[in-house]
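Counting starts at 1 for both ligands and their atoms, following the listed order. Note that the numbering runs from 1 along the sequence shown for the chain.
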Amino acid sequence: MSNMIRVSGWLFASLLLASAPTLLGADAASTSADPRLIRITTAHSELVLFMGDDGRLYQLTYGSAGLPVSVPKRAPSREAEFHPQYGDGFICEPALQATHADGNTSSALVYVRHQTTALDSGVSLTRIELKDRFYPLFVTLCLKSYGQEDVIEQWTEIRHEETGAVTLYRFASSAPILKGKEYWLTQFQGDYSREATLAEEHLGPGLKILDSKIGVRASRFRIPSFLLALNAPAKEEVGEVFGGSLAWSGSYQLAFDLDWNNRLRALCGINPFASQYHLKPGRTFTTPAMLWTWSDQGKGQVSRNFHRWARRYGIRDAPQPRPVLLNNWEATGFKFDEPTIVSLFDGAKEIGAETFLLDDGWFGNRHPRNDDKAGLGDWQVNTNKLPHGLSYLAAEARRRGVNFGIWLEPEMVNPASDLFEQHPEWAIRQPHRELELSRNQLDLDLSRPEVCEFAWKVIDDTLGPNPGISYVKWDANRYVTQPGSTYLPPDEQSHLLIDYNFALYDVMARMVQKYPRVMAMLCSGGSGRVDYGALKYFNSFWPSDNTDPRSRVLIQWGFSHFFPASTLCNHVTRMGKRPMKFALDVALSGALGVDMDVRRLSPEERKTLAAGIALYKNDLRELVSQGDLYRLESPYDGPRAALNYVSSDRAHVVLFVYQLKPNDADQPVKLRGLDPQRHYRLREVNLPQDGSCQFAKQGQVLDGASLMSDGLLPPTHKDCDSSVIELVGEN
Ligand code: GLA
């Protein structure tokens, strides 16, 4: 994004004249050759922009591809501007608000030129250069279209050559108009332990804002992703639905402005709240990317578009199988020593786990990390607990055929730590305010270069000398409540939360670059940081500390709208005291792991876990991770949840059914996404240890058409009954 094209005044003026459209006598259906149109096209969707005769850029449509576009005679009304700016006549929510070096509060951006470059098969990037009519302020709108995945990614680059700083008050990544008769917005909100809860509402006139102001762990109360259904509430398989996901881990704002003409504009980007940014001449402010997808096949297709996009472009090493983890957090908490940890390795191997993940509590000496009150920041191995260090543990794990992973929280500090004693100024804090602790800790100020270097050293000094570590869980357990930096000058305090998150990505990028084979889980006190900005550096994320499988059905359901199953770490624990089969069946629908004290498993439990993990590794992992998801029955709508995954050749399918309330009525589950012509052999898997099977169609062969139209009766009636049915194509 640094190879910006410089546009001089005269060049701009002549280009504007050359590109000024001649007026048509009447509205006309355009052809793609119309030079005033810019089309951003994917397999099924299209965004069409128009250069008005006033030089401004307007949006004509965004929705179904190939529909005839009516070209206006002259510039449409200003409310149709594609990237509207505050002042100079614009009266709605602007995408850009800038105060120039001379104090002028308005901007007036006009089209200069655009260029489309093919990048990859089906991917192209269109860069549209805009410039203020008077000031040397340049805004480039970048639109990347992913043809096969039906995703459009947009970000904005802002630069200027004025005599002093330009202050940016609004800087949306993307602000398209989504046009329908009526609008239903679904957000995914909640709190610790009840993350990604669906809440759908009908939008009335005015401004509806979904946001986060907490800078770090910013999606704790709501993820920066949403669905916007046109004309009716969102359904799984029918209806027009837009999906939006902002690739940003800091404070964000998703603003939905429904105007007096029933036109909805969705302004998405970094939260401008208390974040005005003083941009120096010659510097480029690049916003995070906003991801859009559209479908007229309901929110199910919206999710599949995001999943396909993520598997190809959005997450680390999508084809690589996510290892089955055994984590010690639920089992031991902070209370462990070397023999305890080593004694868990054999159990890990026995149940078939592939990686042992040592969680919090392994570090700190003067301030040992024996609870959450001390030690964060002192990333030296606690020599009392682990006298032989991490390499020894990794080697012991390897000797037993298990890989070794480690928990880190490099952005945080406990006041009770050597680090804080030496560098109290490194914490995010405000002058003359009493320090407010959360989980007894503070955020480190990543806007300060030494702190970034420190965070990087935490990772490098842990992974470098211990090449046996193959996995990292990166945690971040508090958000910002006192945004202040002892590093930034007074007039740049408002930059803190923005600079923090860009710096954070630099550290994450360094980790991926230097340790490409170390897999990584994104965690933030549960899922306080789940977005495609961070996920490109991670293989998966931790959806919630709530691992009660009944709650997990809902939490996983929420996240599935945007994130593929391979990114959701689903762990079997003792939480909720549900039957282990139910907990396993729930966890099998994502990246399976276990968080139990394997020394205390009963023989029966050990066998159940081992069988479930073997089934996962041998039969289900590839299908669940790479297959297409169809959500069949929502846990929000009825007594059970049902979903199925389908392989790309539609020859392999798995159905999961979870009974959340008792129901004696025999209701078939209708599968989706199957090949109607194909015959599938049905097999209920993950059966109880005695092999008993209540599934009436066990071993039978049925065709895809009838499985989709008539469905099948799963053997689930009681609360916490569950069933996993594998379908293998026979022809
Ligand atoms: C957070 C994570 C947990 C665990 C603890 C350790 O709460 O979500 O999984 O790692 O931190 O302190």
Side-chain angles (χ1 to χ4, degrees), residues 190-196 214 216-221 223 249 322 325-336 341 344 353 355-364 367-379 382 385 404-414 416-417 437-443 458-459 462 469 471-479 519-530 534-535 538-549 551-552 555-556 559 567-576 587 590-597:
D191 194 355
Y192 179 76
S193 97
R194 52 182 175 88
E195 291 91 340
I214 54 181
V216 177
R217 200 188 181 188
S219 57
R220 164 152 179 178
F221 303 111
I223 58 172
S249 309
R322 275 46 181 158
L325 299 175
L326 175 69
N327 191 6
N328 69 309
W329 178 245
E330 291 295 325
T332 68
F334 296 100
K335 290 190 184 49
F336 57 80
I341 296 301
L344 298 173
T355 300
F356 179 87
L357 175 57
L358 177 60
D359 214 282
D360 197 354
W362 59 267
F363 49 89
H367 301 278
R369 180 82 172 156
N370 291 330
D371 52 35
D372 62 21
K373 296 191 179 62
L376 266 185
D378 300 349
W379 294 97
N382 180 306
K385 281 180 172 174
F404 184 74
I406 194 91
W407 180 92
L408 292 171
E409 196 178 12
E411 306 153 66
M412 303 283 162
V413 65
N414 284 127
S417 66
L437 301 183
S438 170
R439 210 193 187 209
N440 305 300
Q441 68 194 60
L442 296 164
D443 298 270
V458 171
I459 292 153
T462 307
I469 297 178
Y471 198 98
V472 163
K473 176 178 179 184
W474 180 319
D475 214 333
N477 273 301
R478 78 156 287 172
Y479 50 84
M519 297 181 102
M521 182 206 292
L522 183 61
C523 177
S524 185
S527 60
R529 181 183 274 160
V530 180
L535 264 175
F538 289 83
N539 304 79
S540 49
F541 69 89
W542 182 237
S544 182
D545 279 359
N546 183 349
T547 49
D548 176 343
S551 312
R552 273 301 186 110
I555 293 168
Q556 293 166 196
F559 283 116
T567 60
L568 273 84
C569 291
N570 297 352
H571 287 196
V572 179
T573 73
R574 292 209 183 274
M575 207 179 277
L592 175 66
V594 176
D595 196 341
M596 295 174 81
D597 188 340

Discussion item. With a 3.5 Å distance limit and no angle check, can you tell me whether Asn546 reaches the backbone of Ser193 through a side-chain donor-acceptor pair?
Written reply: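 Yes; at least one donor-acceptor contact below 3.5 Å.
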Worksheet item: So, the side chain of Asp359 versus the backbone of Gly333: is there a donor-acceptor pair under 3.5 Å, distance only?
Response: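 Here the side-chain-to-backbone pair does not exist.
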Using a 3.5 Å cut-off on N or O atoms only, is [X] in polar contact with ligand 1?
| X | result |
| --- | --- |
| Asn477 | yes |
| Trp329 | no |
| Lys473 | yes |
| Gly526 | yes |
| Tyr192 | no |

When you measure from [atom] to every protein heavy atom, which one gives the shortest distance, and what is it?
| atom | value |
| --- | --- |
| atom 3 (C) of ligand 1 | Asp545 OD1, 3.4 Å |
| atom 2 (C) of ligand 1 | Asp475 OD2, 3.1 Å |
| atom 10 (O) of ligand 1 | Asp359 OD1, 2.7 Å |

Worksheet item: Excluding sequence neighbours, so at least two apart, what forms side-chain hydrogen bond (donor to acceptor under 3.5 Å, both in side chains) with Thr355?
Response: none
Worksheet entry | Structural part of Asp372 in contact with ligand 1, heavy atom criterion under 4.0 angstrom |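 None of Asp372 does.
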Item to complete: Heavy-atom distances under 4.0 Å are what count here, so tell me which part of Arg439 touches ligand 1: side chain, backbone, both or neither.
Response: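 Side chain only.
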When you compare the side chain of [Y] with that of [X], does any pair of heavy atoms fall below 4.5 Å?
| X | Y | answer |
| --- | --- | --- |
| Leu344 | Asn328 | yes |
| Glu409 | Trp379 | yes |
| Arg194 | Ser551 | no |

May I ask you to list the atoms of ligand 1 that are less than 4.0 angstrom from any heavy atom of [X]?
| X | result |
| --- | --- |
| Gly525 | 1 (C), 7 (O), 8 (O) |
| Asp360 | 6 (C), 12 (O) |
| Cys523 | 2 (C), 8 (O) |

Item to complete: Answer yes or no for Glu330: is there a heavy-atom contact with ligand 1 below 4.0 Å?
Response: no
Discussion item. Exactly one of Asn382, Asp360, Asp378 should register a side-chain hydrogen bond (donor to acceptor under 3.5 Å, both in side chains) with Arg369. Which one does?
Written reply: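 Running side-chain hydrogen bond (donor to acceptor under 3.5 Å, both in side chains) over Asn382, Asp360, Asp378 with Arg369 returns exactly one hit, Asp360.
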Practice prompt. List the steps and the verdict of ring-ring contact (aromatic ring centres under 6.0 Å, His included) for Tyr471 and Trp407.
Written response: CA-CA 9 Å; Tyr471 198 98; Trp407 180 92; over 10 Å; no
Discussion item. Does the plane of the ring in Phe356 sit parallel, tilted or perpendicular to the ring in Phe404? Use 30° and 60° as the thresholds.
Written reply: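 Rings of Phe356 and Phe404: parallel, as their planes differ by under 30°.
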